[in-house]
Novice: 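Structure below; questions to follow.
Side-chain atoms are counted along with the backbone in the values below, which use heavy atoms only and exclude waters and symmetry mates.
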Amino acid sequence: MQRALEQAYAALAEDEVPVGAVVVAGGRLLAEGRNRTRSWRDPTGHAELIAVRRAAERRRDWRLLDATVYVTLEPCAMCAGALVLARVRRLVFATPDPKTGMCGSLGCIVQDPRLNHRVRMTMGVLADEAAELLRGFFRSRRG
């Protein structure tokens with residue numbers, strides 16, 4: 001999670017919403033990403049999607065069956081759906097997102113029994129630091 005936080009700080013330095021993600025498998029870092037929605041002008045430029053895409057490219061396989069995704073903020077519906085479609089084994093996220101989070105806050109796509117794959121979840125790892133980073137970013141936006 002520390003590496004995901006480093007990516008979140010890098011996003012902050014680029015005036016992006018400070019969210020970072022990493023994909024790990026077999027004790028090895030496969031890929032990392034940070035939010036790029038503003039700089040790429042792309043609504044799909046979320047940290048999780050970028051990291052999962054890069055991991056799949058590196059693996060040359062869209063299935064990430066043995067992978068764990070660490071992300072600093074609870075994934076939204078789009079990102080949660082991508083984790084299911086990529087067959088990610090485990091999700092670890094720092095802080096909940098009560099406005100758009102779909103891994104427990106508003107619903108739970110990654111563990112929906114109607115879907116063909118469920119992702120194991122761990123919540124709250126380095127939550128205070130991740131939440132404060134986000135609060136500070138949005139506080140500065142409100143002026």
Side-chain angles (χ1 to χ4, degrees), residues 1-112 115 117-143:
M1 186 60 77
Q2 189 60 49
R3 186 77 176 238
L5 274 168
E6 290 169 15
Q7 285 294 311
Y9 281 105
L12 178 66
E14 296 169 355
D15 200 33
E16 295 279 359
V17 176
V19 177
V22 297
V23 181
V24 175
R28 219 178 61 178
L29 177 69
L30 284 180
E32 54 194 352
R34 60 183 171 268
N35 271 9
R36 304 268 187 166
T37 54
R38 297 169 58 96
S39 60
W40 289 358
R41 295 177 180 84
D42 179 356
T44 69
H46 289 201
E48 306 94 302
L49 289 185
I50 293 166
V52 165
R53 281 183 194 136
R54 288 177 176 165
E57 284 175 21
R58 184 169 187 191
R59 279 271 175 95
R60 295 187 176 117
D61 190 350
W62 59 270
R63 289 179 226 86
L64 300 172
L65 294 166
D66 62 339
T68 298
V69 174
Y70 295 86
V71 63
T72 58
L73 181 65
E74 178 183 356
C76 68
M78 174 179 66
C79 294
L83 297 177
V84 171
L85 293 172
R87 312 298 195 271
V88 167
R89 189 173 95 207
R90 184 170 171 231
L91 164 66
V92 180
F93 69 86
T95 192
D97 183 350
K99 293 185 179 184
T100 65
M102 287 301 290
C103 297
S105 289
L106 299 178
C108 195
I109 291 172
V110 297
Q111 293 186 336
D112 191 314
L115 300 177
H117 177 76
R118 276 165 289 298
V119 179
R120 293 183 213 151
M121 269 195 326
T122 303
M123 302 170 254
V125 177
L126 297 180
D128 293 340
E129 185 174 354
E132 186 51 43
L133 180 60
L134 286 157
R135 275 192 297 272
F137 174 80
F138 288 113
R139 197 177 309 122
S140 73
R141 295 296 212 188
R142 288 189 288 273

Novice: Would you indicate whether the side-chain heavy atoms of Leu115 and Val110 approach each other to under 4.5 Å?
Specialist: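 Contact flag for Val110/Leu115 side chains = no.
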Novice: Can you check whether Thr44 reaches Met78 side chain to side chain, under 4.5 Å on heavy atoms?
Specialist: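 In contact.
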Novice: Say you draw a straight line from CZ of Arg34 to CG of Leu12; how long is it, rounded to the nearest 0.5 Å?
Specialist: 11.5 Å
Novice: Evaluate the salt bridge (Lys or Arg N to Asp or Glu O under 4.0 Å) criterion for residues Asp66 and Arg28: first the C-alpha distance (whole Å), next the side-chain angles of each, then the deciding distance (0.1 Å), finally the verdict.
Specialist: CA-CA 11 Å; Asp66 62 339; Arg28 219 178 61 178; over 6 Å; no
Novice: Spell out, as yes or no, whether a donor-acceptor pair under 3.5 Å connects the side chain of Glu14 to the backbone of Arg36.
Specialist: no
Novice: Quick check: closest heavy atoms across Ala80 and Pro75, and the distance to 0.1 Å?
Specialist: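 It is N-CB, 4.0 Å.
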Novice: Do Ser39 and Glu16 come close enough that some side-chain heavy atom pair is under 4.5 Å?
Specialist: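 They are in side-chain contact.
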Novice: Would you give the length of the straight line joining atom CG of Leu64 to atom CZ of Arg58, rounded to the nearest 0.5 angstrom?
Specialist: 12.0 Å
Novice: Of all heavy-atom pairs between Val17 and Phe137, which one has the smallest distance, and what is that distance?
Specialist: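 Answer, listing the atom of Val17 first, then Phe137: CG2-CE2, 3.7 Å.
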Novice: May I ask you to decide if Arg63's main-chain N or O and Arg87's side chain share a donor-acceptor pair within less than 3.5 Å?
Specialist: no
Novice: Checking Arg135 against Glu132 for the salt bridge (Lys or Arg N to Asp or Glu O under 4.0 Å) test, could you report, in this order, the C-alpha distance in whole Å, the side-chain angles of both residues, the deciding distance, and whether it holds?
Specialist: CA-CA 5 Å; Arg135 275 192 297 272; Glu132 186 51 43; 3.2 Å; yes
Novice: Donor-acceptor pair, Gln111 side chain versus Val119 backbone, under 3.5 Å?
Specialist: yes
Novice: If we ignore hydrogens and angles and just use 3.5 Å, is the side chain of Asn35 paired with the main-chain N or O of Ala47 as donor and acceptor?
Specialist: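 It does hold such a pair.
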Novice: Could you pull out the closest heavy-atom pair between Val69 and Val52, with the gap in Å?
Specialist: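 Shortest heavy-atom contact: CG2-CG2, 4.2 Å.
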Novice: Indicate whether the side chain of Glu129 and that of Tyr9 have a donor and an acceptor atom separated by less than 3.5 Å.
Specialist: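 Side chains of Glu129 and Tyr9: pair found under 3.5 Å.
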Novice: With rounding to the nearest 0.5 Å, note down the distance linking CG in Leu126 to OH in Tyr70.
Specialist: 11.0 Å
Novice: Output all residues satisfying salt bridge (Lys or Arg N to Asp or Glu O under 4.0 Å) with Arg120, sequence neighbours left out; order by chain, then residue number.
Specialist: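 Salt bridge (Lys or Arg N to Asp or Glu O under 4.0 Å) check on Arg120 returns nothing, list empty.
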Novice: Between Gln7 and Ala21, is there a donor-acceptor pair closer than 3.5 Å when you use the side chain of the first and the backbone of the second?
Specialist: no
Novice: Starting at OG1 of Thr122, measure out to CG of Leu91 and round the result to the nearest 0.5 Å.
Specialist: 8.0 Å
Novice: For Trp62 and Leu85, which heavy atoms make the closest approach, and how far apart are they?
Specialist: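 Scanning both residues, the minimum pair turns out to be CZ3-O, 3.1 Å.
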Novice: Is there a salt bridge (Lys or Arg N to Asp or Glu O under 4.0 Å) between Glu74 and Lys99? Walk through the geometry before answering.
Specialist: CA-CA 10 Å; Glu74 178 183 356; Lys99 293 185 179 184; over 6 Å; no
Novice: Measuring from Arg59:CZ to Leu30:CG, what's the distance to the nearest 0.5 Å?
Specialist: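 Between atom CZ of Arg59 and atom CG of Leu30 there are 5.0 Å.
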Novice: Looking at every heavy atom in both Thr95 and Ala131, which two are closest together, and how far apart are they?
Specialist: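 The answer is OG1-CB, 3.6 Å.
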Novice: For the pair Glu48 (side chain) and Leu83 (backbone), establish whether a donor and an acceptor sit closer than 3.5 Å, ignoring hydrogens and angles.
Specialist: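 Between the backbone of Leu83 and the side chain of Glu48 there is no qualifying donor-acceptor contact (under 3.5 Å).
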Novice: Please report the closest heavy-atom contact between Val125 and Val92, naming both atoms and the distance.
Specialist: CG2-CG1, 3.7 Å
Novice: Using 0.5 Å steps for rounding, measure from the CG atom of Leu49 to the OG1 atom of Thr37.
Specialist: 11.0 Å
Novice: Are the side chain of Thr72 and the backbone N or O of Gly20 linked by a donor-acceptor pair below 3.5 Å?
Specialist: yes
Novice: Applying salt bridge (Lys or Arg N to Asp or Glu O under 4.0 Å) to Arg141 and Asp15, what does each step give before you reach the verdict?
Specialist: CA-CA 10 Å; Arg141 295 296 212 188; Asp15 200 33; 3.2 Å; yes
